[in-house]
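To start, the structure itself, in structure tokens.
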Amino acid sequence: MKKIFSRILVVALILCMLFTIQVPAFAQEPYDSYTYWSNVQSAEVEVLNRPMYEPTGVIDAAKIGVAPFSSIKGIVRDQYDNVYILDNASRIVVTDKNFNLIKEIGLVNGTERYDEANSVYVYSDGTIYICDIKGERILHIDSDGNLLDTIVLPESTLIPDDFRFLPTKIEINANGYLYVLCEGSYYGVLLYSPEREFLGFFGSNTVKVSIGSVFSTVMSRVFPNNVKRSNSVRSLPFSMVDLCIDKNGFIYTCNGFTKAFDTTGQIRKLSPGTGGNVFSVTDANFIDVDVNKTFDNGVLTKQNLMDVEVDSKGYVYALESAYGKIFVYDDECRKLSVFGNGKGRGNQVGTFEIVSGMELLDDGNRIIVSDANTNRITVFGITEFGAKAKEAITCTLEGDYEGLEAKWQEVLKLDSNFQPAYSGMARIALNEGKYEQAMEYAKIGYDRNIYSVAFEFVRTDLIDKYFGLIFLALVLVIGILIAWLIISTKKKVQLVKNPQLKLMFATMIHPGDTFTTIKEKKQGSIILCLITLLVFYIVTVLKTIASGFLFSTYNPETFNSLWEFVRSVGFVILWVISNWMICTLMQGKGKLKEILIVTCYSLWPLIIEKVVYIIFSNVLLAAEGSFLGIFSIIATLYFVMLMIMGLLKIHDFSFSRFLGTTLLTFLAMAAIVFLGIMIIILIQQLYGFVVTLVTEILTL
Amino acid sequence: MRKKIFLVVLCIVLALSLVGCAADPSLLSLAFDEKISSEAPSDSLIAQNENFKLEIDTEKYGVVLTNLKTGKVWSTIPMQEGEPQYDALGLPIGNHVQVDSLLLVSYIDGKSKNETVTQSYTSAVIGGRVRTVKGENGVVIEYYFDDGQIMIPVEFILQNDHLQLKIDPKKIQETESRVTAISVAPFFCSAANDKEDTYLFFPSGSGALVGTSSLSPQGYKYSAEVYGRDLTNEQTTMITKDKDVRLPVFGAKTDATTAICGIVDEGEESAVIETVAGSTSFARSTVYATFNLRSFISFKGKNGKSTAKNVYASYKLSSPLSVRYYPLSDEKANYSGMAEVYRNYLTETGKMPTLTEDVNLNLTLIGGELVPKSFLGVPYSDLFSATTLQDAYNITNEITSNVKAKTSVKLKGFTATGVDVGGVGGGYVINENLGNLEDFNKLNQLCNDKSVGLYFDFELVKFKGSSDGFSNFRDAVYNSGEIKAANYDYNIATSLYEKSTAHQLLTPGKFVTAVEKLLDKTAKWDLNGVSLETLSQVSYSNYSSEDSADYYAKSYFGDRVTESIKVLKDNGKKVMSSEANQAAAIVSDVIVDAPLESAKVNIFAQDIPFYSMVFKGNVGLAGESINLATNTRKALLLSVEAGCGLNYTLINKWENSLISCYSPIFYNSRYADIKEDILANHAELSDYYEKIAGAKISAHNILASGVRETVFDNGVHVIVNFNNTPVSTVAGEVAAQGFVVWEAAV
């Protein structure tokens with residue numbers, strides 16, 4: 001009995017001790033971890049995947065053994081992975097990487113406060129820089145809190161008069177150059193020499209100009225009013241919110257929320273020399289795809305990147321403040337993993353209320369994130385899958401293919417939903433000359449670049465293998481064609497004997513004669529018109545669903561050939577009817593039948609273009625695809641030319657009258673569509689009314 | 001004449017309409033009695049038995065329970081501990097008024113229409129009236145809240161080993177105000193802050209312990225609905241995933257030698273378990289049950305300009321509400337004691353099932369998912385066959401040939417629409433892409449030959465469209481705003497709901513019909529086992545005028561679940577449930593996805609395997625899917641700690657069209673990738689499972705950070721080390737991320 005009692009006591013004591021430590025359990029997280037698949041039908045798709053990081057601990061003041069934090073403003077580490085926690089109450093708590101307390105640094109020189117300081121930075125010599133935004137200065141102190149010097153607004157003609165020195169971040173590169181980020185600075189990062197000499201602004205963002213914004217500006221200036229004047233702001237580049245420097249001296253910067261529907265280029269990798277963005281993909285989206293475009297109860301869902309870090313392998317990590325998510329990217333700007341969440345209400349381990357800072361430990365094997373509201377630091381540790389995936393990606397990007405296949409196989413074994421694994425496997429197969437296998441993997445992983453390279457090899461192999469046969473077949477076909485042309489010319493043999501069919505095909509070669517015949521001799525077949533429309537519809541659908549993988553953006557979920565019927569055939573019919581209505585009013589001489597014949601016969605260049613596209617998109621490489629683009633433009637222009645010639649002829653219009661009626665035709669089409677939509681809405685409402693009525697009666 | 005006929009018809013129609021508008025008299029509340037005067041009991045001793053005596057505290061109108069043998073005391077209103085304290089004026093500092101209240105009542109004020117919270121001490125005892133009526137083996141105390149014009153009667157009944165608090169909602173008086181929620185004895189299960197040897201037990205998921213350190217004046221609050229949130233309360237965003245409360249039980253260890261355990265035994269579906277930890281205003285940390293009497297729907301202001309407003313149902317629930325409180329002392333005064341009490345409660349009330357089938361290994365085989373396809377450019381959905389019945393046969397055969405374990409196989413997503421929502425019961429058919437009845441019967445034969453339990457999963461809760469006699473219009477549930485309730489999937493990136501995934505929920509009144517239909521439609525199948533995954537883990541209300549008031553505020557939901565499962569069992573079927581609520585667990589043969597973790601809320605200091613401590617040895621238990629866990633080793637160790645069988649979710653074939661699935665069931669499920677792990681893990685655990693076969697968990701101890709011990713009633717102990725370094729224990733060194741099994745004399 002005594003033994004049992006003593007054991008209970010021991011357990012109770014241990015329990016008591018345990019309650020002072022926050023240790024989470026670890027099999028499933030309270031949030032979704034996901035990745036993104038790119039180039040899936042030309043879009044990025046979010047995909048659930050095995051987490052690369054998992055919460056492995058939560059640290060608070062009690063665990064460190066210090067007085068409760070007022071509000072954690074940020075966390076940084078030094079070169080030994082010691083962690084510096086900036087508290088809002090003029091206090092820096094220093095711990096080792098396992099969060100054992102090393103020291104607390106209080107007021108500078110024992111007297112000077114730095115409340116509301118935004119961040120700290122620890123230089124390789126152990127001295128600390130405090131960005132005291134309230135004091136408009138940077139305090140440089142030693143590890144005991146003694147002031148070494150103070151950096152304030154430099155005197156320089158480069159600095160505008162209205163510039164306020166509100167330092168938010170500071171980084172120092174290996175050569176001692178200081179990069180200082182100031183709140184609201186559109187001019188870029190303030191760059192200082194190691195001797196504290198101000199050298200100028202560095203790496204400012206540029207203003208993005210779109211046709212829409214230019215049009216909007218012009219319209220505002222042409223039609224100004226007080227509201228527009230009060231709303232007008234000078235187009236300024238977005239200010240940066242964080243920066244960090246990698247081992248090679250490249251400076252990574254990030255912007256917060258910029259504007260609605262603007263979702264690219266939030267993180268930049270700047271060359272230390274020129275300040276230019278050296279990311280291989282400059283228009284990559286670094287946040288969630290649908291955020292900044294989606295409305296939740298009328299409010300735009302926004303994401304703000306607020307912290308960026310980079311490890312020695314070039315993996316980039318960003319902390320997002322609106323949802324409280326962490327994004328991990330590789331050096332090619334691919335989003336590898338997104339985790340964390342909370343959206344201001346996170347009360348579970350791994351979720352957040354107000355994130356205030358992020359730092360990497362063990363070169364990115366651990367990520368620590370602080371919360372200014374709960375005053376807790378969450379430690380995310382890399383998972384087995386994360387470590388293996390990062391290792392395989394690094395080897396792939398560095399071209400180290402030894403044993404790489406096994407590594408990627410391991411990754412795929414742990415997570416079938418990891419797109420880079422398929423690209424990686426495709427690259428290995430390509431490297432080993434297994435081109436068909438490479439194409440297979442690349443197709444699964446939607447990696448059109450690798451697919452294109454592998455396809456080129458397969459195509460070349462095919463040509464090499466069957467060159468004799470292909471050449472012979474070509475010569476034979478050309479020979480037969482020439483022979484047939486000669487014979488048919490001499491013997492006046494006609495391939496197409498039907499005069500109506502002949503007339504239709506002659507449209508492309510002799511449009512003037514054809515349209516004259518249609519108008520004056522009342523020629524042209526309605527049946528052929530309908531067949532042409534049907535063929536046009538079929539090739540339009542086939543162009544989408546049967547194009548080659550390298551050119552296709554076909555999504556079976558969103559593409560509907562019935563809708564395509566409305567868009568192609570319906571458009572033509574709408575055009576014909578509208579044009580007939582308008583031209584009849586405008587004294588046009590063309591009849592409905594003639595308009596239909598001209599329109600349908602003119603479609604043949606487009607039909608041929610689509611057929612050519614379907615064939616060649618299955619044969620050409622992506623780089624060779626420009627030919628198809630040019631051919632498409634030519635075919636469209638030829639179609640327009642045929643339409644103009646045909647309409648001018650049948651209506652007997654001058655060119656100016658033709659332009660006018662065409663414009664009115666488009667307006668009439670819009671009006672008909674509008675009326676059609678209104679009628680559909682009315683029918684829907686009537687249906688809803690009937691359903692409600694029936695419901696009410698049934699529930700009586 | 002025509003005019004007359006027309007007028008008569010019109011009058012009849014109008015009269016019928018007005019009849020339809022009238023409320024059911026049974027739903028109407030009793031009017032508040034403004035005149036009745038207070039009445040104190042003649043004697044403070046209310047009841048007594050051989051173990052306890054029950055006395056009334058006429059100052060605050062709570063009750064005090066005294067153990068006659070040990071003299072230990074448990075009070076619904078905590079007594080002040082230590083020396084009396086005085087304020088600056090020399091006046092004694094008492095408890096916070098909420099601490100001194102037996103009831104916290106939320107109501108919609110009849111005049112202002114605002115949501116108000118009041119407490120019994122200030123509004124009834126001091127500012128209103130209290131009347132006591134002697135009851136059988138107890139007392140009924142009527143609390144008249146004059147400010148809100150509400151009367152709530154609470155019946156206190158002393159039983160052999162516990163105190164029962166009952167509220168009959170039909171006897172609640174409310175004239176204009178509308179009671180929305182009642183918190184019962186909010187500080188009965190509480191502990192003084194910063195006191196050694198104290199903690200709260202919260203039944204989140206597997207169970208969690210909450211520390212009692214002082215945190216802030218308001219403390220840290222957390223609450224969770226029993227059996228999960230009311231699914232009829234539509235949510236447009238889903239930020240995080242919670243582990244729901246599966247068992248209506250909670251408790252507090254109040255000091256080194258005393259504890260108390262609360263069990264909601266009536267109206268548990270309508271209960272919310274709440275905890276307030278570290279409140280310096282209360283000087284206590286507490287856990288308690290609150291009963292929702294009326295469901296609500298939240299409305300957000302347009303453009304997010306105003307905060308959400310809750311609109312409550314007109315009528316309250318009618319089911320009785322009751323909480324039992326079990327005082328615990330000495331060696332039982334801990335969460336192991338609470339588990340024992342809860343186990344005994346289930347046994348005594350005839351709810352605890354008898355073990356029919358232990359499970360060491362469960363394979364959840366996923367049939368398929370609807371993926372977009374196109375025919376000549378016309379889109380349609382077709383089932384991608386992730387695992388056909390032939391594949392299932394091969395997998396089962398291969399695993400069972402290599403593993404000598406008590407195995408069960410669950411077939412999920414094998415009906416018409418796979419894992420996607422379709423008609424009720426998935427149309428009660430096998431999707432032809434996955435095989436036919438012959439294939440199923442062949443698989444069943446294999447399972448019979450190898451003594452493997454085969455369970456075919458049917459979705460009887462979520463449905464789309466009308467089919468098999470179930471109408472999307474008539475049989476779908478309505479929320480408290482009497483709008484047909486829709487449920488959705490949520491976008492993993494934006495956390496917003498996907499409108500295109502909208503589906504309805506079957507009214508609880510039709511569960512039995514759905515099960516009967518299942519039996520009828522599968523009459524020709526060799527179907528021995530049925531899995532009811534969703535049915536066993538959700539709960540919701542129904543305010544449809546088609547149904548009675550039975551399902552208001554989720555009431556009686558559990559009863560309907562239990563009844564429908566019993567119909568299956570009466571027809572000779574074995575039943576598997578997943579992450580089951582108490583209502584389903586008590587009639588199941590096997591529970592898979594048994595919760596092994598809590599919701600990991602910030603105040604939860606430790607997760608404990610309370611769920612397994614209750615059911616191990618009474619129901620076959622398998623844990624959460626090992627292969628879908630972030631950390632597979634830790635998931636395995638959690639299963640070991642809880643004495644649960646291993647569970648794997650498997651598919652035979654993967655293709656990239658599955659990436660759009662919002663469920664993680666496909667990302668690491670390929671059988672070929674996992675086969676070796678299944679065999680290796682089972683080889684590691686086979687001895688352990690043999691030793692704990694049929695055993696119940698008698699105790700659980702946290703030995704050190706990340707080191708835990710589970711004790712089985714046959715004397716087997718297992719010590720699990722979750723740390724990355726080895727630890728020394730009484731059973732010798734336990735390897736990092738390892739475990740040691742040892743046996744002691746029983």
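Letters go in sequence order (proteins before strands), and every chain restarts at 1.
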Side chain, backbone, both or neither: which part of Ile444(A) has an atom under 4.5 Å from a heavy atom of chain B?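 For Ile444(A), backbone and side chain are both near chain B.
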Can you say whether Asn347(A) sits under 4.5 Å from chain B via the side chain, the backbone, both, or neither, judging by heavy atoms?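 Both backbone and side chain.
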Supply the atom-to-atom distance [X] [atom1] to [Y] [atom2], rounded to the nearest 0.5 angstrom.
| X | Y | atom1 | atom2 | value |
| --- | --- | --- | --- | --- |
| Glu557(A) | Ser500(B) | CD | OG | 8.0 Å |
| Leu414(A) | Arg670(B) | CG | CZ | 11.0 Å |
| Asn292(A) | Thr494(B) | CG | OG1 | 11.5 Å |

Pairing residues for Trp408(A) by the ring-ring contact (aromatic ring centres under 6.0 Å, His included) criterion, not counting sequence neighbours: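 Once residues adjacent in sequence are excluded, Trp408(A) has no partner under the ring-ring contact (aromatic ring centres under 6.0 Å, His included) criterion.
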Compare all side-chain heavy atoms of Asn656(B) with those of Tyr422(A) and state whether any distance is below 4.5 angstrom.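 No, too far: nothing below the 4.5 Å cut-off.
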Check whether the side chains of Glu54(A) and Thr630(B) place a donor and an acceptor atom closer than 3.5 Å, and report yes or no.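 No, because no side-chain N or O of Glu54(A) sits under 3.5 Å from a partner of the opposite role on Thr630(B).
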If contact means a heavy atom pair closer than 4.5 Å, which residues of residues 378-387 of chain A contact chain B?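 Thr383(A), listed by number.
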Under 4.5 Å heavy-atom distance to chain A, tell me which part of Ser663(B) shows up: side chain, backbone, both or neither.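 Ser663(B) touches chain A through backbone heavy atoms alone.
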Interchain contact, Tyr222(B) with chain A, by part (heavy-atom threshold 4.5 Å):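 When you check distances to chain A, only side chain atoms of Tyr222(B) fall under 4.5 Å.
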CA sep, side-chain torsions, deciding dist, call: Ile492(B), Leu48(A), side chain to side chain contact (heavy atoms under 4.5 Å, CB included): CA-CA 8 Å; Ile492(B) 53 174; Leu48(A) 273 173; 4.0 Å; yes
